[in-house]
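Quick notes on the structure that follows.
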Amino acid sequence: MRTVLGYLRPFARRVTIGVAIKFTAAILELALPLLLARIIDVYVPAGDMDAIWKAGGVMAVLAFSAAFCNITANRMAAWVSMEMVRELRNDLYSRTERLSCAQMDRFSVSSLVSRLTNDTYHVHQMFDKLQRGGIRAPMLVLGGLVLTFLQEPVLALVQLVVCVLTFFTIWAVTRRGIPHYTKAQAAVDTVVRMIRENASGVRVIKALACQEQERARFETANASARHTEETAGCVMAAANPLTGFFLNTGLVLVVVVGAFRVQEGRMAAGQIVAFLSYFALIQNATLGMAKIFVKISKGMASARRIEEILQAPTGQTVRRSEAVSGAELGMEHVSFSYLGVEKELADADFTLRKGEMLGILGPTGSGKTTLVSLLLRLYDADEGVVWVGGRDAASLSREDLRGRFGVVFQNEALLHDSVYENISFLRGLSREDVTAAAKTAQAWEFIQELPDGLDTQLDIRGANLSGGQRQRLLIARALAAKPGVLVLDSADSALDYRTAAALHEAIRRDHPGVTLVVISERIASLREADRILVLEDGVITAQGDHTHLMETCGRYRRMAELQMGGAAT
Ligand code: ADP
Ligand code: MG
């Protein structure tokens, strides 16, 4: 809560002024019933029209001023809470960006998204309501009770009891209702997710003719959303009627008890009217307080979730290490595990010199992407040393690593933007560089045929392109900044053999000094490599060049013969 509260500090002056204005308004509001009682009890019996007009005029001015003050203060409160939550969201976003991949895994992307959206919203609500009512409501309740106690203790006691009852009833009802609303929100999220999945998988659903099953799945989710909403509604249904009930009961009690007191000659009739006004005022303020308490409890829970991110230790430390190696890329007895349970990479050992090509071959889940992620220092090795550019990767900061690599990962997404922007990728590259990269990536031909060439807008996820076209754009993106090391993780899976071969040739021709790391299912894409790693279950079971592996690795030879027949040797 501390950290989030700190965001209010720059606005302390405004908040203080706003609260002072609210304070003034509350005093004005509290004075109104007093004047009313005076008119009824003193001026009306005396028939003093002049005084009645004057007092009425003063009341009108007070009421108007109170409204004006409240509007001004509410606007200030809205501005402050908007502004501070904007700051908070900014910091949260940049902190999220700087989380390491391991931290991302731990928090999960969807939870990060909901912290950025839902939780900042609840914090906003909390600060907004606190500024609007945090002073005003308790002041009206307290001030109202004190004023009425001074005038007529018995009647004031009646009010106090009704108020306390109202507060706890509403508080209890709302507290019970909130978890149901949270569940309902989650259920709606599921429905939304399903709609998105179905929309993006619509072709598969149609092709496999499983629309019926899909509809049934949706209906189940929809029904569950309805059910939780209904439960939430059922609990909350009590809130407003109960409030009305307490208000009416209170009013009746004030009139009845007041009538007795007037009969006994202990109070004037006009005071009953004043009490009725006070009661309505106090009752409303009590309700406001109960609601503020609910907002606070929600807001604090959200603030804690936000602080978890803000206070998360800065992702990766940069170790000092003077160790050097002749390897441009390499590993020395490297082991790594995502969750500390199973080793996703065990005792990996290889070296690659500048300008050489590394090929990685292995079935899905064998640790190919993991190995590459360690080279990019997306994760840190648990044991051993990862070499990048002749230095220990753990001694390289993100700035050192940035710009060194060009990467295409599996299942990478395109932006809903122009072809140019997808290749330049927010780096502001020149159109010449982008065009050159597109040519090397074998993408220029089809880009030219698009309606607006480089300026053609892509649909979300590049849905208006074929799989192979998307892959070539991603490769162009990786090449565009002329990286020293190019990593292609299964980037040729959707390319035909001829295009893949042309691509590899073009990369060699246009980027002569580049160090290449290629993950591929295809022996043809790997056979030029200076070193090929054969991975199985996180273990490098064989390594060497094509000729060497053909002779020594049965598994490799069988795959090569299967794919290339006689051309393998
Ligand atoms: P490949 O790229 O060879 O298909 P990966 O390197 O992606 O394989 O995955 C290797 C193993 O690590 C798999 O068993 C996979 O389930 C696991 N794995 C991959 N990414 C993560 C992650 N972020 N958290 C936990 N386990 C992971
Ligand atoms: Mg992979």
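Atoms within a ligand are numbered from 1 in the order they appear, just like the ligands themselves. Here, residue 1 is the first one in the sequence, and each next residue gets the next number. As a basis for the values below, the full set of heavy atoms in this structure was taken, side chains included, without hydrogen atoms, waters or symmetry mates.
- Donor-acceptor pairing under 3.5 Å is recorded for the side chains of S114 and R305.
- The cationic atom of R431 (NZ for Lys, CZ for Arg) lies less than 6.0 Å from the six-membered ring centre of Y420 and within 45° of the ring axis.
- Donor-acceptor pairing under 3.5 Å is lacking for the side chains of S335 and D347.
- Ring centers of Y338 and Y379: under 6.0 Å apart, within the cut-off.
- When only modelled atom types and interatomic distance are considered, Q311 and T3 share a side-chain donor-acceptor pair under 3.5 Å.
- Between the side chains of E536 and T541, at least one donor N or O sits under 3.5 Å from an acceptor N or O.
- For the residue pair D492 / S525, a side-chain donor-acceptor distance below 3.5 Å is found, with atom types taken as modelled.
- Taking 4.0 Å as the cut-off between side-chain N and carboxylate O, D433 and K482 count as a salt-bridged pair.
- Around the Mg ion (ligand 2), the protein contributes the following N, O or S atoms at distances under 2.8 Å: T369 OG1, Q410 OE1.
- Using a 3.5 Å distance cut-off with no hydrogens or angles, the side chains of S493 and Q471 do pair a donor with an acceptor.
- For ligand 1, residues of the protein lying within 4.0 angstrom by heavy-atom distance are D105, Y338, E344, P363, T364, G365, S366, G367, K368, T369, T370, Y379.
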